[in-house]
Colleague: 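Here it is: the structure, laid out below.
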Amino acid sequence: MGGGRPLTLKLTLSLSLITCFLLSSSYGQNCAKHSFPNNRVFKTCSDLPVLNSFLHFNYDTSSSKLEIAYRHSGIGSSRWVAWAINPTSTGMVGSQALVAYQQTNGTMRVYTSPITQYQTRLQEGELSFNVSDLSASYENDEIIIFATLGLSNNGTMLNQVWQEGGLNGNIPQMHVTSGANVQSMGTLNLVSGEAGTSNGGGSKLKKKNIHGVLNTVSWGILMPMGAIIARYLKVFKSADPAWFYLHVLCQFSAYVVGVAGWGTGLKLGSESVGIQFDAHRTIGIILFCLGTLQVFALLVRPKPEHKYRLYWNIYHHLVGYTVIILSVINIFKGFDILEPEKKWKHAYIGVIVALASTAVLLEAYTWFVAIRRKRSESEGKLPYGGVNGGEGNGVYGHGVRTQQA
């Protein structure tokens with residue numbers, strides 16, 4: 001036991017030293033404490049709020065020359081980084097970018113790229129202002145871009161954008177369109193050195209989340225629930241005609257919420273010129289059209305004894321199931337676009353599995369009911385207690401209900 005105290009003291013001292021080291025490393029991320037090679041000095045620096053990025057600069061007010069060093073830490077060798085000034089807007093389109101990455105042969109490539117559209121491949125081109133002394137380095141998982149910019153007529157308040165993305169060989173690929181990658185923009189005061197943040201990215205992300213939630217709840221949950229109610233609850237005599245009104249309420253609520261979600265999608269599209277998710281948009285338009293047709297079809301629904309009622313039922317079921325299938329497909333496309341935390345996608349998968357399992361169990365039960373009732377009828381007995389016949393489903397017989405779907 002006597003030897004335990006020195007060991008405890010050593011462990012405590014070691015842990016204290018490790019803690020101090022980690023704290024000093026974390027505080028070392030402050031841009032003011034960074035030292036550049038060759039005794040290069042930048043009078044002003046800014047810790048950018050996202051993507052482990054820092055901007056160091058010297059600004060000469062008399063010549064409007066801006067000397068910058070953009071640092072991007074914690075970056076792998078198979079990724080590109082970019083820092084840009086947008087003279088005309090706060091977003092990506094219109095940005096005048098400096099791009100750098102390590103090529104497959106180990107050398108650095110650094111060049112200028114004017115961003116004229118979303119989903120750009122960062123093609124090389126001249127910027128709207130002069131760029132000189134352009135170079136880049138990659139060391140200790142950090143890329144640094146050096147450049148001198150001639151900013152005459154641009155004033156002292158700039159809109160800046162910074163970004164990172166993956167490489168396919170030596171070709172830059174599209175960056176992630178969620179999280180920190182859509183928040184990496186803001187303002188920069190060249191005189192005071194103060195860097196402001198732009199709420200545009202966060203606001204757009206909030207709209208995307210609202211769009212996703214509305215459409216998931218409406219098209220992806222309420223619509224299938226309404227279909228399950230219509231197909232299976234009407235089998236039970238005690239649920240007639242309540243099942244019909246529940247079905248209409250569920251589907252109409254889904255349509256109203258879905259139209260709101262569709263409207264937010266249109267708004268996002270109008271605010272995101274150049275960003276196109278063709279398949280997601282096309283399916284969304286088809287869903288809106290089919291959903292609207294279903295609502296108006298109720299206005300021309302023939303009476304149960306009408307000769308065209310069978311054709312109306314076929315149309316109603318076919319369009320309804322098509323809407324459900326396309327809805328689920330489009331929701332998963334939305335997950336791929338928005339890229340939320342995996343728990344949300346897993347939660348929706350759980351909901352779909354639960355609804356599908358419920359439908360399978362009810363389908364098996366209704367077949368059991370139908371077979372037993374037909375057997376009873378063939379023996380001259382009354383139909384199986386408490387069960388209605390169904391119209392147009394093929395397994396529920398030909399009993400008469402007080403209400404028809």
Side-chain angles (χ1 to χ4, degrees), residues 50-52 74 76 78-79 119 163-166 168 173-184 201-232 246 250-251 253-269 272 275-288 290-291 320-365:
V50 293
L51 298 181
N52 299 319
S78 60
R79 298 186 68 78
Q119 297 180 326
Q163 196 55 261
E164 67 165 327
N168 183 6
Q173 303 299 300
M174 181 65 182
H175 64 79
V176 174
T177 55
S178 62
N181 292 82
V182 296
Q183 301 171 18
S184 54
S203 175
K204 185 170 291 186
L205 180 61
K206 183 178 180 180
K207 291 178 183 177
K208 288 181 179 180
N209 289 335
I210 292 174
H211 170 73
V213 169
L214 290 176
N215 285 291
T216 300
V217 171
S218 59
W219 303 104
I221 297 178
L222 290 177
M223 280 286 182
M225 286 179 60
I228 290 174
I229 290 171
R231 181 165 176 82
Y232 301 112
L246 284 174
C250 197
Q251 301 301 74
S253 299
Y255 177 74
V256 171
V257 178
V259 169
W262 187 68
T264 60
L266 293 179
K267 180 65 174 176
L268 282 169
S272 306
I275 295 182
Q276 292 186 356
F277 301 104
D278 293 334
H280 186 67
R281 180 184 61 183
T282 301
I283 295 175
I285 293 172
I286 292 173
L287 284 173
F288 172 75
L290 292 179
Y321 291 132
T322 300
V323 166
I324 292 173
I325 293 171
L326 288 179
S327 297
V328 174
I329 292 173
N330 215 30
I331 287 168
F332 280 106
K333 287 187 176 294
F335 278 123
D336 292 338
I337 293 169
L338 189 57
E339 294 184 337
E341 294 183 42
K342 291 183 178 179
K343 65 180 181 181
W344 300 112
K345 187 174 184 178
H346 293 162
Y348 181 65
I349 292 174
V351 170
I352 291 300
V353 170
L355 290 173
S357 300
T358 302
V360 169
L361 291 175
L362 289 173
E363 186 73 22
Y365 178 72

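Throughout, numbering of the chain's residues begins at 1 and tracks the sequence. These figures come from a predicted structure and were not determined experimentally.
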Colleague: Determine the minimum heavy-atom distance between Gly220 and Ile331, stating which atoms define it.
Modeller: CA-CD1, 3.2 Å

Colleague: Does any part of the side chain of Thr216, heavy atoms only, come nearer than 4.5 Å to the side chain of Tyr348, both counted from C-beta?
Modeller: yes

Colleague: For the residue pair Ala254 and Ser218, what are the closest heavy atoms and their distance?
Modeller: O-CB, 3.1 Å

Colleague: Within this structure, what is the OG1-CG distance for the pair Thr358 and Leu361, rounded to the nearest 0.5 Å?
Modeller: 6.5 Å

Colleague: Going by heavy atoms in the side chains, are Leu287 and Trp262 under 4.5 Å from each other?
Modeller: no

Colleague: Would you call Arg281 and Asp278 a salt bridge, taking side-chain N to carboxylate O under 4.0 Å as the test?
Modeller: yes

Colleague: Of Asn215, Ile221, Val213, Leu214, which meets side-chain contact (heavy atoms from CB on, under 4.5 Å) against Val257?
Modeller: Leu214

Colleague: Measuring only between side-chain heavy atoms, which start at C-beta, is Glu363 closer than 4.5 Å to Arg231?
Modeller: yes

Colleague: Considering only heavy atoms from C-beta outward, does the side chain of Phe335 approach that of Lys342 to under 4.5 Å?
Modeller: no

Colleague: Would you give the length of the straight line joining atom CD1 of Ile324 to atom CE of Met225, rounded to the nearest 0.5 angstrom?
Modeller: 11.5 Å

Colleague: With Gln163, which residues qualify under side chain to side chain contact (heavy atoms under 4.5 Å, CB included), at least two apart?
Modeller: Leu51, Trp80, His175, Asn181, Ser184

Colleague: Under the criterion side chain to side chain contact (heavy atoms under 4.5 Å, CB included), I'd like the reasoning laid out for Ile210 against Lys267: C-alpha separation, chi angles, the key distance, then a yes or no.
Modeller: CA-CA 12 Å; Ile210 292 174; Lys267 180 65 174 176; over 6 Å; no

Colleague: Under 3.5 Å, is there a donor-acceptor pair between the side chain of Asn330 and the main chain of His280?
Modeller: yes

Colleague: Which value, rounded to the nearest 0.5 Å, describes the distance between Ile325 atom CD1 and Met223 atom CE?
Modeller: 13.5 Å

Colleague: Let me see the working for Leu222 and Gln251 under side chain to side chain contact (heavy atoms under 4.5 Å, CB included), right down to the final yes or no.
Modeller: CA-CA 7 Å; Leu222 290 177; Gln251 301 301 74; 5.7 Å; no

Colleague: How about Tyr232 and Tyr365: are their ring centres within less than 6.0 Å of each other?
Modeller: no

Colleague: Would the distance check show the side chain of Thr282 and the main-chain N or O of Ala279 forming a donor-acceptor pair, the cut-off being under 3.5 Å?
Modeller: no

Colleague: How close do Gly226 and Cys250 get, heavy atom to heavy atom, and via which atoms?
Modeller: N-SG, 3.6 Å

Colleague: State the CH2-CG distance between Trp219 and Leu290, to the nearest 0.5 angstrom.
Modeller: 8.0 Å

Colleague: Flag yes if more than 12 heavy atoms outside Lys333 fall under 6.0 Å of its NZ atom; otherwise flag no.
Modeller: no

